[in-house]
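Both backbone and side-chain heavy atoms feed into the values below; hydrogens, waters and symmetry mates do not. Owing to the predicted nature of the structure, the values given are computational and were not obtained by experimental measurement. Here is how names work: the chains are called A, B, and so on, in the same order as the sequence lines, proteins then strands, and each is numbered from 1.
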Amino acid sequence: DAGVIQSPRHEVTEMGQEVTLRCKPISGHNSLFWYRQTMMRGLELLIYFNNNVPIDDSGMPEDRFSAKMPNASFSTLKIQPSEPRDSAVYFCASSPQGYTEAFFGQGTRLTVV
Amino acid sequence: GQQVMQIPQYQHVQEGEDFTTYCNSSTTLSNIQWYKQRPGGHPVFLIQLVKSGEVKKQKRLTFQFGEAKKNSSLHITATQTTDVGTYFCLYNQAGTALIFGKGTTLSVSS
């Protein structure tokens, strides 16, 4: 298995533009997590899906952020409009079940200028 | 909600010295996981602890879960330069999702 696949690896965009981050979890895993990592705030959980259903989205910063999981093999995190303070590394992770070992993707480094 | 403190934030050691990082909670934890993130990399799972008083070893790494399930530690014996990185504890909050501690960044000089 190729592991959790995220795309793009790097994204540079201008303030106000829409950004879409993509994640393909490991096949057979039924839990998916989106995290954001910054120096100031560390690793923050944004949203958690179980069986494609959002279970906890309390970490989503504001209405500019949205996440979807249309099927078991794909998830997106969208920021619209993007702001410089959204600059961070965004990680997607999947696990066989919610509270077991989580496998992380390589991350997407987002820079909003 | 649960308050979990991870200490220290940073630790520098000479190669061969020991290293310990702690996660301390104000409430009882269901379980705790430990991850390592190398500079520029992504978090990688090390271990999960579930039982009160549990101790697990992986070569030079020793993981403990306190009797009250409110604290946990990761101890590295005789550090090597390959141990460099940030070590995170991860716990589930209110039975929903997984929350990371702030991490301890370890640097090792040879």
Side-chain angles (χ1 to χ4, degrees), chain A residues 2-7 9-10 21 23-26 29-51 53-60 67 69 75 88-110, chain B residues 1-10 21-23 25 28-51 54 56 58 61 63 65 69 72 74 85-107:
Chain A
V4 176
I5 299 173
Q6 290 186 245
S7 64
R9 291 292 309 277
H10 302 274
L21 311 182
C23 175
K24 176 179 168 53
I26 293 173
H29 285 190
N30 64 12
S31 294
L32 184 139
F33 309 86
W34 282 99
Y35 286 91
R36 175 172 68 176
Q37 186 173 35
T38 61
M39 288 293 294
M40 290 298 295
R41 301 176 69 89
L43 276 157
E44 302 173 277
L45 176 68
L46 300 177
I47 189 166
Y48 158 47
F49 291 89
N50 193 51
N51 292 323
V53 176
I55 303 299
D56 182 359
D57 64 354
S58 58
M60 295 286 266
M69 193 164 186
S75 177
V89 180
Y90 291 81
F91 288 106
C92 174
S94 70
S95 71
Q97 298 177 17
Y99 311 130
T100 57
E101 174 182 357
F103 295 79
F104 281 75
Q106 299 289 329
T108 295
R109 181 173 294 278
L110 173 65
Chain B
Q2 290 172 343
Q3 294 292 323
V4 174
M5 296 293 294
Q6 187 170 359
I7 55 172
Q9 187 175 2
Y10 301 99
T21 174
Y22 303 88
C23 275
S25 172
T28 302
L29 301 172
S30 301
N31 59 71
I32 196 162
Q33 300 176 13
W34 286 93
Y35 288 75
K36 176 184 178 181
Q37 184 178 22
R38 286 198 165 95
H42 59 280
V44 175
F45 176 82
L46 295 175
I47 205 93
Q48 176 168 285
L49 304 172
V50 179
K51 299 177 183 177
E54 190 169 15
K56 289 187 177 180
Q58 291 178 352
L61 276 61
F63 304 85
F65 203 9
K69 299 182 71 173
S72 180
L74 184 171
T86 301
Y87 294 85
F88 295 95
C89 61
L90 179 67
Y91 57 96
N92 61 296
Q93 182 173 18
T96 55
L98 302 173
I99 309 295
F100 276 98
K102 294 301 182 186
T104 297
T105 298
L106 172 66
S107 59

Restricting to ring-ring contact (aromatic ring centres under 6.0 Å, His included), what partner residues turn up for B:Y35, sequence neighbours left out?
A:F104, B:F45, B:F100
A:R9: salt bridge (Lys or Arg N to Asp or Glu O under 4.0 Å) partners, not counting sequence neighbours
none
Are any side-chain N or O atoms of B:S25 and backbone N or O atoms of B:V4, one a donor and one an acceptor, separated by less than 3.5 Å?
no
So, does A:Q6 use its side chain to make a donor-acceptor pair with the main chain of A:G107 at under 3.5 Å?
yes
Below 4.5 Å from any heavy atom of chain A, which atoms of B:I47 appear? Answer side chain, backbone, both or neither.
neither
Please flag which part of A:E44 lies under 4.5 Å from any non-hydrogen atom of chain B: side chain, backbone, both or neither.
neither
Examine whether an atom of A:R41 lies under 4.5 Å from a heavy atom of chain B, and if so say whether it belongs to the side chain, the backbone or both; otherwise answer neither.
backbone
Between A:G59, A:G42, A:G105, A:A93, which residue shows the highest count of heavy-atom pairs closer than 4.5 Å to chain B?
A:G105
Could you tell me whether the side chain of A:M60 reaches within less than 4.5 Å of the side chain of A:W34, counting heavy atoms only?
no
Heavy-atom pairs under 4.5 Å with chain A are the metric here; pick the option from B:P43, B:G40, B:G41 that has the most.
B:P43
